[in-house]
2 protein chains.
Amino acid sequence: MQITPAELEIMNVLWDKPGIGASEIADALKHDKSWNIRTIKTLVARLVEKGALGTEPDGRRYLYRPLVKRGDYQKKAAKQFVDRMFGGRAAPLVAHLADARGLSKDDIAELEKLLGELKK
Amino acid sequence: MQITPAELEIMNVLWDKPGIGASEIADALKHDKSWNIRTIKTLVARLVEKGALGTEPDGRRYLYRPLVKRGDYQKKAAKQFVDRMFGGRAAPLVAHLADARGLSKDDIAELEKLLGELKK
DNA sequence: CTTCATTGACTACGTGTGTAGTCGATACGT
DNA sequence: ACGTATCGACTACACACGTAGTCAATGAAG
């Protein structure tokens, strides 16, 4: 189930707020993206075709809802990315994120907690 | 500087062994990928066009060498990926990797060391 | 009821990407 | 010297992707 970057924007909206129609998706994206409603509908249609979204009739329109869980997709994508870019090693990835100031103090604290749990 | 997944395979070979020609790249990839030498040459040509690879004549052929440092590219790609998939938060990414068994004991130890340094 | 907006279905189109073929020049084996 | 393998340059082509237009039906607003 390949989801492209543009499609992912749609998925993110629907993961946050499942069961809305195309125009509501457009509203949710209006501030970050300046996508034509047509563009959004095309992306949604492709996601339905791919099986990433399910439809539910609501009058003369559809409501959409993710069929893929956000966490599942993230997990798969993360593994793929690390495999491709870092030969499967996670540590260098984290090092780079730190270096790119991608890690806040909170992140670091969270990671420490995580590692504590993993060691058990 | 956009590098596609297929192109990245080429870059990985050249980051490991800079200054080789197209046929040596083909040799290095022969076991994992079954790419026609033409395909490899096309990918290499595109990378040269993009400025990701430099050329150096060697008789009637070229030797290639990365103009982009592996670490720099990894860092940029990592940041992009985390932004897109996790809204910039690294911790959930690491959690997913752990869950996908993408983290070995060594990784965990390495990450702990890393976090120790980051806290300073 | 007429007009206008909105909807899903279908179509379009430039660029990117994976995968490779053609061609003319040249090096290499015999 | 001659055929063959190989090189770089150029070309090809299908499918993916971002971006949007057309069309016929339908619903909403006046």
Side-chain angles (χ1 to χ4, degrees), chain A residues 1-14 19-65 68 73 76-77 80-81 83-85, chain B residues 1-14 19-65 68 73 76-77 80-81 83-85:
Chain A
M1 190 124 33
Q2 191 54 11
I3 295 177
T4 73
E7 288 165 0
L8 186 59
E9 299 284 338
I10 307 285
M11 292 303 287
N12 275 327
V13 171
L14 284 164
I20 61 179
S23 54
E24 284 94 336
I25 298 175
D27 285 347
L29 289 171
K30 165 160 40 89
H31 304 294
D32 318 80
K33 305 273 158 188
S34 52
W35 275 339
N36 189 294
I37 181 70
R38 313 282 167 201
T39 300
I40 290 174
K41 288 186 181 200
T42 300
L43 293 172
V44 166
R46 286 180 184 164
L47 285 165
V48 171
E49 230 175 277
K50 290 181 188 183
L53 292 180
T55 62
E56 167 190 341
D58 171 50
R60 90 193 167 97
R61 67 181 197 151
Y62 289 134
L63 302 184
Y64 302 95
R65 169 179 322 273
V68 182
Y73 183 72
K76 224 189 59 182
Q80 236 188 129
F81 178 76
D83 283 348
R84 244 216 275 294
M85 284 297 302
Chain B
M1 189 123 35
Q2 190 55 13
I3 295 177
T4 72
E7 287 165 0
L8 185 59
E9 300 285 339
I10 307 285
M11 292 303 287
N12 275 326
V13 170
L14 283 164
I20 61 178
S23 54
E24 284 93 337
I25 298 175
D27 284 349
L29 288 171
K30 165 160 42 89
H31 305 294
D32 318 78
K33 306 273 158 187
S34 52
W35 276 340
N36 189 295
I37 181 71
R38 312 283 167 202
T39 300
I40 290 174
K41 286 185 181 198
T42 299
L43 293 172
V44 166
R46 286 179 185 164
L47 285 165
V48 171
E49 229 175 279
K50 290 182 188 182
L53 290 181
T55 61
E56 168 191 340
D58 172 49
R60 87 191 169 101
R61 66 180 198 153
Y62 288 134
L63 302 184
Y64 303 96
R65 168 178 324 273
V68 182
Y73 184 72
K76 224 188 59 183
Q80 236 188 124
F81 177 76
D83 284 350
R84 242 216 277 294
M85 284 296 302

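In the text below, chain A, chain B and the rest are named by the order of the sequence lines, each starting its count at 1. All values reported here derive from a predicted model rather than from experimental measurement.
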| request: For A/Thr42 and for A/Ile3, find the nucleotide of DNA chain D with the closest heavy atom, then tell me which residue's nucleotide is more 5'. | output: A/Ile3

| B/Tyr73 OH to B/Ile3 CD1 distance, which is reported to the nearest 0.5 Å | 4.5 Å

| Euclidean distance, atom CG of residue B/Leu47 to atom P of C/dG16 [Å, nearest integer] | 14 Å

| request: Give, for atom CD of A/Glu24 and atom OH of A/Tyr64, the distance between the pair rounded to the nearest 0.5 Å. | output: 10.5 Å

| query | What's the closest nucleotide to the A/Thr4 side chain, out of D/dT26, C/dT17, D/dC17? | reply | D/dC17

| query | Does any donor-acceptor pair link the side chain of B/Arg38 with the base of C/dG18 at a separation under 3.5 Å? | reply | no

| message | Any side-chain N or O of B/Lys41 below 4.0 angstrom from OP1/OP2 of D/dA9? | response | no

| remark: Taken to the nearest whole Å, CD1/A/Ile37 to C1'/C/dT7 is 9 Å

| Side-chain donor/acceptor of B/Arg61 to base of D/dT6, under 3.5 Å | no

| query | Could a donor-acceptor pair under 3.5 angstrom be found where the side chain of B/Arg46 meets the base of C/dG16? | reply | no

| Rounded distance in Å - CG (A/Asn36) to C1' (C/dA12) | 14 Å

| So, is B/Ser23 close to the D/dC7 phosphate, meaning a side-chain N or O under 4.0 Å from OP1 or OP2? | yes

| query | Do the side-chain N or O atoms of B/Trp35 get closer than 4.0 angstrom to the phosphate oxygens (OP1, OP2) of C/dT19? | reply | yes

| Counting just side-chain N and O atoms, does A/Lys50 come under 4.0 Å of either OP1 or OP2 of D/dC17? | yes

| request: Using atom CZ of A/Arg60 as one end and atom P of D/dA24 as the other, report the distance to the nearest whole Å. | output: 16 Å

| query | How do A/Gly59 and A/Pro5 order along DNA chain D: which one's closest nucleotide is nearer the 5' end? | reply | A/Pro5

| message | Show the nearest heavy-atom pair for residues A/Ile37 and A/Ala26, with the distance to one decimal. | response | CD1-CB, 3.8 Å

| query | Going by an N to O cut-off under 4.0 Å, is there a salt bridge joining A/Arg46 and A/Glu7? | reply | no

| A/Asp58 CG - D/dT26 C1' separation (whole Å) | 14 Å

| query | Nearest-Å distance, CD (B/Glu49) to C1' (C/dG18)? | reply | 15 Å

| query | Rounded to the nearest 0.5 Å, how far does CD of B/Glu9 lie from CG of B/Asp32? | reply | 7.5 Å

| Given atom CD1 of B/Ile10 and atom P of C/dT17, what is their separation to the nearest angstrom? | 14 Å

| remark: Separation of D/dG21 atom C1' from A/Leu43 atom CG, nearest Å, is 15 Å

| query | Does the side chain of A/Tyr62 get closer than 4.0 angstrom to OP1 or OP2 of C/dT6 through an N or O atom? | reply | no

